[in-house]
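First comes the structure, then the notes that go with it.
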Amino acid sequence: MFEHLPQTVTVFEVGPRDGLQNEATQVPVQDKIALIEALADAGLAEIEITSFVSPKWIPQLADARELAYALLQDTAREAQNKRFARSNLNLSALVPNIKGYETAKETGLKQINLFLSASEAHSKKNINKSVAEAMSVMGEVASVAKADGKRVRCYVSTVWVCPYQGQVDPQVVLDMVPRLFAMGIDEISLGDTVGAATPKQVFDLVNRLRNYTDLSKIALHFHDTRGGALANVLAGLEAGVTIFDSSIGGLGGCPYAPGASGNLATEDLVYMLHGMGVKTGVDLQKLTEAGSLAQNILHKTLPGRYLKAHLAQSQKCEAVK
Ligand code: HMG
Ligand code: MG
């Protein structure tokens, strides 16, 4: 094991979207901006800032347009002040259909992230469409977005387990992935939506995908509901994946997937990767500051284990001084 570790991994931060979509409280736009700035300041190059879905379905992100406008204008303004002047910073947002895409496009986002499910039941509950209908919508939006010069990512949810139907046949995903790439999609993120996959399942699926596609365009998106996310990252790394999604403090969950709790915490992922000699470009100290900020904004302790350990240790050391 560990013979195939990459030198570098891309960490794709989904906290401001996957995290905040699942919070009971409505976070003010200014707090969202402060959190996204802190995440960018920690060196994260890929940040999913919000989603342009129906506000009736996800009221927590009803301010998507306002947030994206403020951030993109600020990005340009801050570039002059060198605070946001990183050329590799890529802000993106989740989009379910052409209506969401048109609004995202107005804000100037250069990347949109589509989504659909591998299982029929989750597809119906999450976007009110069958998988075939969703594929057709993804094709329509991808073709318009690519013609507009946008980068397009697509999530496939419930890749291993569906909260309504149970285990998902891997062949469904193996058939779906090449069809999505054929639509012009640049990157596909495979989601363990309810955090129920185990490492061998992850390794086996990715290993089989190798025959269907270029693994450098595959990301893995693990929710940590049963504590298996880091083990699943190791399985994904060993199989050849180099892009992993995670969420600050371990925030996250899909409101239309019962039992789905937080994503893998970004600090836990970065700590493990750095400890194994894999570079991420992320500053772990600044990341914990972003995690503390998220806790302050939400007025609660977040589930991320590194953050908890780091804060507890800092408090103890302070007390000893
Ligand atoms: P629908 O009700 O079937 O939509 O919802 P519709 O097309 O029939 O339209 C109904 C109303 O919604 C209309 O308004 C539309 O204009 C409006 P009305 O005439 O009633 O006033 N509408 C919209 N408004 C704003 N933005 C839009 C939009 N589209 C329609 N884009 C729809 C279908 C897809 C919109 C809805 O089901 C929806 O928004 N679902 C999103 C659910 C969601 O966000 N789930 C969480 C994200 S997925 C996830 O977390 C998993 C992931 O993390 C990976 C993993 O973990 O596996 C990505
Ligand atoms: Mg998710």
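Whatever order the structure lists ligands and atoms in, that order sets their numbers, starting from 1. These figures come from a predicted structure and were not determined experimentally.
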So, is Thr158 polar-close to ligand 1, with some N/O to N/O distance under 3.5 Å?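 In this structure, Thr158 places no N or O atom under 3.5 Å from an N or O of ligand 1.
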For ligand 1, find out whether one of its N or O atoms is nearer than 3.5 Å to an N or O atom of Pro255.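 No, since none of the N or O atoms of Pro255 sits under 3.5 Å from an N or O of ligand 1.
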Numbering as shown, the atoms of ligand 1 that approach [X] to under 4.0 Å (heavy-atom distance):
X	value
Gly100	31 (N)
Lys56	18 (P), 20 (O), 21 (O)
Leu94	47 (C)
Asn128	1 (P), 3 (O)
His221	53 (O), 54 (C), 55 (C), 56 (O)
His223	56 (O)

For the hydrophobic clusters of this structure (ILVMFWY residues joined by side-chain heavy atoms under 4.5 Å, transitively), does one cluster hold both Trp160 and Tyr164?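 Per the 4.5 Å side-chain linkage, Trp160 and Tyr164 are not co-clustered.
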Taking non-hydrogen atoms only, is [X] closer than 4.0 angstrom to ligand 1 via side chain, backbone, both or neither?
X	value
Val14	neither
Arg65	neither
Pro96	side chain
Asn126	both
Asp18	side chain

Evaluate the ring planes of His310 and Tyr306, with Trp represented by its six-membered ring, and classify them as parallel (under 30°), tilted (30 to 60°) or perpendicular (over 60°).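 Parallel, since the angle between the ring planes stays under 30°.
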Check the Mg ion (ligand 2) and write out every protein N, O or S atom at under 2.8 Å, as residue and atom.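 Result, waters dropped: Asp18 OD2, His221 NE2, His223 NE2.
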Ser123 and Ser117 side chains, donor-acceptor separation under 3.5 Å: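 There is no such pair (donor and acceptor under 3.5 Å, judged by atom type) between the side chains of Ser117 and Ser123.
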Using distance alone, with no hydrogens and no angle criterion, decide if Asp245 and Ser189 have a side-chain donor and acceptor under 3.5 Å apart.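 There is such a pair (donor and acceptor under 3.5 Å, judged by atom type) between the side chains of Asp245 and Ser189.
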Can you check whether a protein heavy atom sits less than 4.0 angstrom from [atom]?
atom	result
atom 30 (C) of ligand 1	yes
atom 19 (O) of ligand 1	no
atom 11 (C) of ligand 1	no
atom 52 (C) of ligand 1	yes

Could you check atom 49 (C) of ligand 1 against the protein and tell me its nearest heavy-atom contact, residue, atom and distance included?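 Checked against all protein heavy atoms, atom 49 (C) of ligand 1 sits closest to Arg17 NH1, 3.6 Å.
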Tell me which protein heavy atom sits closest to atom 33 (C) of ligand 1, plus the residue, atom name and distance to 0.1 Å.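 Looking at atom 33 (C) of ligand 1, the protein heavy atom closest to it is Ile127 O, 3.6 Å.
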Spacing of OG belonging to Ser54 relative to CG belonging to Leu61, to within rounding of 0.5 Å: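 If I round to the nearest 0.5 Å, the distance is 11.5 Å.
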Quick one: pull up CG in Asn97 and CG in Asn128 and give me the separation to the nearest 0.5 Å.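 It comes to 11.5 Å.
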Can you tell which of Thr193, Asn97, Val156, Val194 gets a heavy atom nearest to atom 57 (O) of ligand 1?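 The residue whose heavy atom sits nearest atom 57 (O) of ligand 1 is Thr193.
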Within-shell test, Pro55 vs ligand 1, heavy atom, strictly < 4.0 Å: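 Right, Pro55 reaches ligand 1.
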